[in-house]
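Everything on this sheet refers to the single structure shown next.
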Amino acid sequence: MPSTTSLKLPEELKEKISTLAQGVAQTPHAYMVEAIAEKVARDEKRRAFLEEAKQSMEEVERTGTVYRHEDVMRWFRAKAGGKKAAKPRPVKPKRAR
């Protein structure tokens with residue numbers, strides 16, 4: 001069930017929202033709700049991306065398995081084109097000093 005939240009907006013921003021909302025046949029309220037929902041969705045995707053990257057790095061550190069970008073892209077392009085392709089072979093990562 002929706003709940004009420006008050007936002008204090010600078011007058012200039014409120015006017016911009018009103019003008020833009022009219023241009024897309026929305027009420028200012030609907031425009032703001034949609035904008036907030038889009039921002040939340042983007043931030044959730046970013047958080048998930050960063051978590052996946054962290055997990056990937058932990059896996060690399062745990063297993064030492066990495067692949068050359070060129071090899072993976074060659075395999076991916078072949079598979080996307082419906083061709084058979086040998087899986088890329090793992091390589092030893094270069095250690096930072």
Going by heavy atoms in the side chains, are [X] and [Y] under 4.5 Å from each other?
| X | Y | result |
| --- | --- | --- |
| Val24 | Tyr31 | yes |
| Ile17 | Leu9 | yes |
| Arg62 | Glu58 | no |

Is Glu12 atom CD crowded by more than 12 heavy atoms from other residues, nucleotides or ligands, each under 6.0 Å away?
no
Verify, without hydrogens or angle tests, whether Thr63 (side chain) and Glu59 (backbone) share a donor-acceptor contact under 3.5 angstrom.
yes
If you look at every heavy atom in Val60 and Thr65, which pair is closest and at what distance?
CG2-O, 3.7 Å
Looking only at heavy atoms, what is the nearest atom pair of Ala78 and Ala85, with distance?
CB-CB, 3.6 Å
Return the [atom1] to [atom2] distance between [X] and [Y], rounded to the nearest 0.5 Å.
| X | Y | atom1 | atom2 | result |
| --- | --- | --- | --- | --- |
| Met32 | Ser18 | CE | OG | 9.5 Å |
| Thr27 | Glu34 | OG1 | CD | 10.0 Å |
| Glu52 | Phe49 | CD | CZ | 8.0 Å |
| Trp75 | Arg89 | CH2 | CZ | 15.0 Å |

Do Arg74 and Glu70 meet the salt-bridge criterion of a basic N to acidic O distance under 4.0 Å?
no
Determine whether Leu20 and Leu7 fall in the same hydrophobic cluster, where Ile, Leu, Val, Met, Phe, Trp and Tyr are linked whenever their side-chain heavy atoms lie under 4.5 Å apart.
yes
Any pair with a residue in residues 39-50 that passes side chain to side chain donor-acceptor pair (under 3.5 Å), sequence neighbours left out, goes on the list, sorted by first then second residue, please.
Lys39-Asp43
